[in-house]
Amino acid sequence: MRDQQTAPDLPQTLLDWYDAHARAMPWRVPPADRRAGVAPDPYRVWLSEVMLQQTTVAAVRDYFHRFTARWPTVGDLAAAADADVMGEWAGLGYYARARNLLKCARIVARDHGGAFPADHAALLTLPGIGPYTAAAISSIAFDLPHAVLDGNVERVMARLHDIHTPLPEAKPHLMARAEALTPSERPGDYAQAVMDLGATICTPKSPACGICPWRDPCAARLAGTAADLPRKTPKKPKPVRRGIVYLGRRSDGAWLLETRPEKGLLGGMLGWPGTDWTEAGPQTEAPPHPADWQPHAGEVRHTFTHFHLILSLRVATLPEGTRPQRGHFVEPDEFRPSDLPTVMRKAFDLVR
DNA sequence: CATCCGTGGTC
DNA sequence: TGACCAAGGAT
């Protein structure tokens, strides 16, 4: 027992809070189990972190269960067919993540004996693993003292130190603060604790400062600026683009779809053939095959990261034996609407 | 450093 | 209802 009580340091205060409040997640080893010696599975840590990039825990949960049930190890995933992985990822967004996920799994299986390297620099070289994810795997899976800097930590650091410099300019400064706080003891639990704090207490709007474990040392709370931080440089407005998609159905029920190019929007995903999507709108029709294409009442409205989209629809029935000029037919028993990215699924839902 | 890249929930 | 926001990475 200490004979003189001193104020606990910040990391320890947060770890104590995490021991009592860590939320259960399918990919997480609870702090009690972890302290008892249970090690996380690096494959599950990696998979969850890639899925969680710019994506909420609620959205990821079911996808994580389906992926780990279907591909229990990185070797299983490495051996999967591209179309199966893209289809399983459909709806989660940012499809470059799925392409890089597969590339990464195959590199780990082929060059690393099926084991993720316990090395931050080596992780950084893998596809789809950037500064955040390399630090997350290093700390959470291997308990190496690397600082994670995601949107949560940026917000927590900006408030804790009352930093008013706007993002992204403030990012290096926030990273330096995050690194200075990262402890050598339990860095994995600490990393998850800071992110939990940002997700549940130090939230973007109406932060729950009253129950925050860092309430006393928080400079922004003292200054009354917490809810206004972090500052961000304003974003550009989103233009509206328009296009046409063609939903062709063969008389036996097969749908005419195409696999989109690897690079660019919805890269590698299944979709309806159509025109380019431009602000000027389509100047001419672009059917994938000659047919009696009929306009469909109603339009698809969808918002991507950097533009709004309004899609007009055309529908037609194609005779059996059609050799499409563009795309390929997907047999009725092989067609799963859930394999489509959301904008394409919206078009299907409107027409079926 | 700026741009591109999805989606669903929230207020 | 529309803008913001989420455990970012690649180019």
Side-chain angles (χ1 to χ4, degrees), chain A residues 23 25-28 44-64 86 89-101 103-104 123-141 146-156 166-169 171-172 175 178 188 190-200 202-207 227 230-241 260-269 271 277 301-309 338 340-346:
Chain A
R23 291 182 306 167
M25 297 185 196
W27 47 84
R28 172 175 287 176
R44 295 167 66 89
V45 173
W46 163 73
L47 179 61
S48 66
E49 289 300 339
V50 173
M51 288 182 166
L52 286 164
Q53 290 167 5
Q54 295 290 286
T55 309
T56 59
V57 169
V60 163
R61 193 169 260 118
D62 288 348
Y63 283 86
F64 180 82
M86 300 309 289
W89 195 277
L92 198 53
Y94 284 130
Y95 298 100
R97 292 185 297 172
R99 301 195 301 273
N100 286 327
L101 189 83
K103 288 182 190 170
C104 182
L123 289 166
L124 255 184
T125 69
L126 294 169
I129 297 183
Y132 164 77
T133 306
I137 299 173
S138 297
S139 58
I140 298 172
H146 288 273
V148 293
L149 188 68
D150 69 337
N152 288 309
V153 182
E154 287 175 352
R155 187 171 55 255
V156 170
L167 288 167
E169 182 186 347
K171 199 162 179 175
M175 180 53 127
Y190 174 81
Q192 295 175 92
V194 192
M195 293 190 284
D196 268 20
L197 185 71
T200 63
C202 196
T203 50
K205 297 171 183 174
S206 313
R231 294 181 52 193
K232 297 188 178 182
T233 55
K235 297 171 183 176
K236 289 172 51 179
K238 297 178 181 180
V240 177
R241 296 186 191 173
R260 298 172 61 87
E262 280 293 305
K263 291 178 183 281
L265 190 74
L266 308 178
M269 297 299 292
W277 302 342
R301 290 175 178 272
H302 191 76
T303 299
F304 291 96
T305 313
H306 52 294
F307 66 92
H308 301 287
L309 177 65
S338 63
L340 298 173
T342 298
V343 65
M344 300 297 177
R345 190 177 45 70
K346 284 182 179 177

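Residue numbers start from 1 in every chain, and the chains themselves are labelled A, B, ... in the order their sequence lines are given, proteins ahead of strands. Below, all heavy atoms of this structure are taken into account, side chains as well, without hydrogens, waters or symmetry copies. If you're wondering where the values come from, they're calculated on a predicted model, not measured in any experiment.
Judged by distance alone, with hydrogens and angles left aside, the side-chain atoms of A/Ser48 form a donor-acceptor pair with the main-chain N or O of A/Val45 at under 3.5 Å. Side-chain N or O atoms of A/Arg260 include none that pairs as donor or acceptor with a backbone N or O of A/Gly271 at under 3.5 Å. A donor-acceptor pair is defined here as one N or O able to donate and one able to accept, closer than 3.5 Å; no such pair exists between the side chain of A/Tyr95 and the backbone of A/Leu265.
In this structure, A/His308 places its NE2 atom 11 Å from C1' of C/dT1, rounding to the nearest Å. In this entry the distance linking CE of A/Met344 with C1' of B/dT7 reads 15 Å, nearest Å. Rounded to an integer number of Å, the gap from CZ of A/Phe307 to P of B/dT7 is 10 Å. Note: CG (A/Leu167) to P (B/dA2) measures 12 Å, nearest angstrom. Across the protein-nucleic acid pair, A/His306 atom NE2 and B/dC5 atom P stand 4 Å apart, rounded to whole Å. Per the geometry, CD1 belonging to A/Ile137 stands 13 Å off C1' belonging to C/dG8, to the nearest Å. Rounded to whole angstrom, the span from the CE atom of A/Met51 across to the C1' atom of B/dG8 amounts to 16 Å. A/Leu265 places its CG atom 7 Å from the C1' atom of B/dC5, with the value rounded to the nearest Å.
Across all strands shown, A/Leu266 has heavy atoms under 4.0 Å from sugar-phosphate atoms exclusively, and none from any base. Using a 4.0 Å heavy-atom distance criterion, A/Arg99 is classed as making no nucleic acid contact. Residue contacts for A/Gly91: at a heavy-atom cut-off of 4.0 Å it reaches the sugar-phosphate backbone alone, with no base atom in range.
Applying the side chain to side chain donor-acceptor pair (under 3.5 Å) criterion to A/His146, with sequence neighbours excluded, gives no partner residue. Applying the side chain to side chain donor-acceptor pair (under 3.5 Å) test to A/Asp196 and every residue at least two apart in sequence or in another chain returns A/Arg28. The salt bridge (Lys or Arg N to Asp or Glu O under 4.0 Å) test applied to A/Arg301 returns A/Glu299, not counting sequence neighbours. For A/Thr305, the side-chain contact (heavy atoms from CB on, under 4.5 Å) partners two or more places apart in sequence, or in a different chain, are A/Tyr94. A search for side chain to side chain donor-acceptor pair (under 3.5 Å) contacts involving A/His306 returns nothing, not counting sequence neighbours. Looking at residues two or more places apart in sequence or on another chain, you find a side chain to side chain donor-acceptor pair (under 3.5 Å) between A/Thr55 and A/Arg97. Under the rule for a side-chain contact (heavy atoms from CB on, under 4.5 Å), the partners of A/Glu262 that lie at least two apart in sequence or sit in another chain are A/Arg99. Partners of A/Ala193 by side-chain contact (heavy atoms from CB on, under 4.5 Å), not counting sequence neighbours, listed by chain and number: A/Leu14, A/Tyr18. Qualifying side-chain contact (heavy atoms from CB on, under 4.5 Å) partners for A/Pro127, counting only residues two or more places apart in sequence or in other chains: A/Asn100, A/Lys103, A/Cys104, A/Ile107.
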Every protein N/O within reach of nucleotides 9-11 of chain C N/O, cut-off under 3.5 Å:
residue : atom : partner  : partner atom : Å
C/dG9   : OP1  : A/Gly130 : N            : 2.9
C/dG9   : OP1  : A/Gly130 : O            : 3.4
C/dG9   : OP1  : A/Thr133 : N            : 2.9
C/dG9   : OP1  : A/Thr133 : OG1          : 2.6
C/dG9   : OP2  : A/Pro131 : N            : 3.4
C/dG9   : OP2  : A/Tyr132 : N            : 3.2
C/dA10  : OP1  : A/Gly128 : N            : 2.6

Show the distances under 3.5 angstrom between N or O atoms of the protein and N or O atoms of nucleotides 9-11 of chain B.
none

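Going from the P atom of C/dG9 to that of B/dG8 covers 22 Å, rounded to whole Å. Between C/dC4 and B/dT3, the two P atoms lie 16 Å apart (nearest whole Å).
Contact annotation: A/Tyr95 reaches the phosphate of B/dT7 (side-chain N/O to OP1 or OP2, under 4.0 Å). Between A/His302 and B/dG6 there is no side-chain polar atom (N or O) within less than 4.0 angstrom of OP1 or OP2. The side chain of A/Thr342 places no N or O atom within less than 4.0 Å of a non-bridging phosphate oxygen (OP1 or OP2) of B/dG6.
Of the candidate nucleotides B/dA2, C/dG8, B/dC5, C/dG8 has the atom lying nearest to any side-chain atom of A/Gln54. Nearest to the side-chain atoms of A/Pro168 among the listed nucleotides B/dG6, C/dC5, B/dA2 stands B/dA2.
Within a heavy-atom distance below 4.0 Å of DNA chain C, the residues of residues 232-240 of chain A found are A/Lys232.
Using a 3.5 Å distance cut-off with no hydrogens or angles, the side chains of A/Tyr132 and A/Gln53 do not pair a donor with an acceptor.
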